[in-house]
Amino acid sequence: MAASCLVLLALCLLLPLLLLGGWKRWRRGRAARHVVAVVLGDVGRSPRMQYHALSLAMHGFSVTLLGFCNSKPHDELLQNNRIQIVGLTELQSLAVGPRVFQYGVKVVLQAMYLLWKLMWREPGAYIFLQNPPGLPSIAVCWFVGCLCGSKLVIDWHNYGYSIMGLVHGPNHPLVLLAKWYEKFFGRLSHLNLCVTNAMREDLADNWHIRAVTVYDKPASFFKETPLDLQHRLFMKLGSMHSPFRARSEPEDPVTERSAFTERDAGSGLVTRLRERPALLVSSTSWTEDEDFSILLAALEKFEQLTLDGHNLPSLVCVITGSADLGVCLHTSSSGLDLPMKVVDMFGCCLPVCAVNFKCLHELVKHEENGLVFEDSEELAAQLQMLFSNFPDPAGKLNQFRKNLRESQQLRWDESWVQTVLPLVMDT
């Protein structure tokens, strides 16, 4: 509670300066078709907030998006003249004093800085806030909304306190404080969105917060990569990484060949090699709720199976790219959010093997668009089953891909129009 009091104290101390410098701006009032979106994280690594901004802009709103600019956002965002990106500076902790003191000072300074940045922007009818991270942004955005008449919309991706609990333990004082803070200030919002039905139910039952489920959906630019582009990618990667280079030279020296594909010199036609290795992909955010040892142990078992004489292909594993199979090791710190990487893989019609957790069934349908496993033993068995007689047109891997192609899954904006647009238009 001490950190929350410090945040409120900082807001009160800074208020006179803001009133003095920003009064004329506030007096003009908020723009009915303007939205301020806030993510106290890297904009380029916050796809959901980027998609919110693009959808709002597509439907007539102007958007000011505040966040850290550590990596490049999508080109569509940068090229949209209705969207203005305002970079925030990530403040570092002090290197002196106890850890709790360092953290408290950082939170107060971050609150004052965010408040200053928000108050010198054009007020919006809504403030869209990504949570987590919510400390101190929920309190600051609520405070700004009170001053400017903006409605606060929290998009619950997860619980910030549960992520802190992976590092400090669930009963650490900072974790308990963060939980109280999230619950208290979360109830002050006008609208709430969340990523799963399980989270919607948890928010309602335990936090008394009513939320609308807005599932992560792939954006329109996620699609199956044409074979010609795959070949070009493999050739480019082959110039840098040996697993992508051809295992043998083609009979025609002018034929272009990678480990997976070849292009006929005469017709320019690209085909997949019959004896190609399988390509497995697993993107990662390198967070505590992803255990890559599961995949490494499964790959060791898979290699032993090939040494024992099973009819299995060589396996090339990469962190991202076009592939035959995706692997997801995300387990969720709260057990209530879903892995965005699987959403994007499904958008590219890529089947997935995913480690099981509480609400995974809302995204991965076992034996329909992929497989669910509990441990490395089960993942190794799934890899053996999927890659037996690879590449097999009649195999389960191709059936999963066919199911994904035929599923006519909603894209982000189609889903957003059905769930979010009515909320911001009605209120």
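Here the side chains of V153 and I127 are not in contact, with every heavy-atom distance at 4.5 Å or above. Using a 4.5 Å heavy-atom cutoff, the side chains of V144 and L115 are in contact. Counting only heavy atoms from C-beta outward, the side chains of R45 and N70 never approach each other to under 4.5 Å. V86 places a side-chain heavy atom less than 4.5 Å from the side chain of K117. Side chains of R48 and V214 form a contact here, defined as non-hydrogen atoms less than 4.5 Å apart. For the pair L280/D324, no side-chain contact is recorded, criterion being any heavy-atom separation below 4.5 Å from C-beta on. In this structure the side chain of L421 reaches within 4.5 angstrom of the side chain of V424, judged on heavy atoms. Looking at heavy atoms from C-beta onward, H157 lies out of side-chain contact with M199 at the 4.5 angstrom threshold.
Interatomic distance, L379 CG to F302 CZ, rounded to the nearest 0.5 Å: 10.5 Å. Between the CG atom of L397 and the CZ atom of F390 there is a distance of 7.0 Å, given to the nearest 0.5 Å. K183 NZ to L203 CG: the interatomic distance, rounded to the nearest 0.5 Å, is 10.5 Å. To the nearest 0.5 Å, atoms CG (L174) and CE (M164) are separated by 5.0 Å. Expressed to the nearest 0.5 Å, how far CG of L237 lies from OG of S258 amounts to 9.5 Å. The structure places OG of S376 at 10.5 Å from CG of L383, a figure rounded to the nearest 0.5 Å.
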I would like to know whether V372 and L360 meet side chain to side chain contact (heavy atoms under 4.5 Å, CB included); could you show each step before the answer?
CA-CA 9 Å; V372 176; L360 184 67; 4.0 Å; yes
Carefully, step by step, assess T213 and R200 under the rule side chain to side chain donor-acceptor pair (under 3.5 Å).
CA-CA 6 Å; T213 303; R200 175 175 57 81; 3.2 Å; yes
Worked check of side chain to side chain contact (heavy atoms under 4.5 Å, CB included) between L325 and F387
CA-CA 10 Å; L325 176 68; F387 290 127; 4.0 Å; yes
V38 and L114: side chain to side chain contact (heavy atoms under 4.5 Å, CB included), yes or no, with the steps?
CA-CA 10 Å; V38 180; L114 180 59; 4.3 Å; yes
Intermediate values then yes/no, side chain to side chain contact (heavy atoms under 4.5 Å, CB included), L118 and C141
CA-CA 8 Å; L118 282 169; C141 290; 4.1 Å; yes
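A side chain to side chain donor-acceptor pair (under 3.5 Å) with Y215 is found for exactly one of N197, T419, T196, namely N197.
Without hydrogens or angle criteria, N403 side chain to N369 main chain gives no donor-acceptor distance under 3.5 Å. No donor-acceptor pair under 3.5 Å is formed between the side chain of S415 and the backbone N or O of R411. Checked by atom type and distance alone, the side chain of S332 pairs as donor or acceptor with a backbone atom of L336 at under 3.5 Å. Judged by distance alone, the side chain of Q110 and the main-chain N or O of P136 form no donor-acceptor pair under 3.5 Å. Not one N or O on the side chain of Q384 forms a donor-acceptor pair closer than 3.5 Å with the backbone of L305. The closest donor-acceptor contact from the side chain of H231 to the backbone of V270 lies at 3.5 Å or more, if one exists at all. Panel note: side chain H190, backbone L152; a donor-acceptor pair is recorded below 3.5 Å. Using modelled atom types, one side-chain atom of Y113 and one backbone atom of T89 make a donor-acceptor pair closer than 3.5 Å. Although no hydrogens or angles enter the test, the distance criterion places a donor-acceptor pair under 3.5 Å between the side chain of W412 and the main chain of Y51. Panel note: side chain R82, backbone G60; a donor-acceptor pair is recorded below 3.5 Å.
Side-chain contact annotation: E182 with Y159, donor-acceptor N/O pair under 3.5 Å absent. Residues T64 and R121 have side chains that never bring a donor and an acceptor to within less than 3.5 angstrom of each other. At a cut-off of 3.5 Å, with distance as the only test, no side-chain donor of S334 or S162 sits close to an acceptor on the other residue. Between the side chains of Q130 and D155, no donor N or O sits under 3.5 Å from an acceptor N or O.
In this structure, R276 fails the cation-pi test against F260, since its NZ or CZ atom is not both closer than 6.0 Å to the six-membered ring centre and inside 45 degrees of the ring normal.
Using cut-offs of 30° and 60° for the angle between ring planes, the F184 and W180 rings count as parallel.
For K365, the NZ atom sits in a packed shell: over 12 heavy atoms of surrounding residues, nucleotides or ligands are nearer than 6.0 Å. Within 6.0 Å of CD on E303 lie no more than 12 heavy atoms contributed by other residues, nucleotides or ligands.
Electrostatic pairing of D413 and K217 does not count as a salt bridge here, judged by no charged N lying under 4.0 Å from a carboxylate O. Between R401 and E224 there is a salt bridge, since a side-chain N of the basic residue sits under 4.0 Å from a carboxylate O of the acidic one.
Taking every heavy atom of both residues into account, F346 and L363 meet most closely at CE1-O, 3.6 Å. Closest heavy-atom contact between V39 and L88: O-CD1, 4.5 Å. Closest approach of V175 to H168, counting heavy atoms only: CG2-CB, 4.0 Å. W416 approaches H52 most closely through the heavy-atom pair NE1-ND1, 3.1 Å. The minimum heavy-atom distance linking K236 with S239 is given by the pair O-OG, 2.5 Å. Closest approach of G238 to R245, counting heavy atoms only: O-NE, 2.5 Å.
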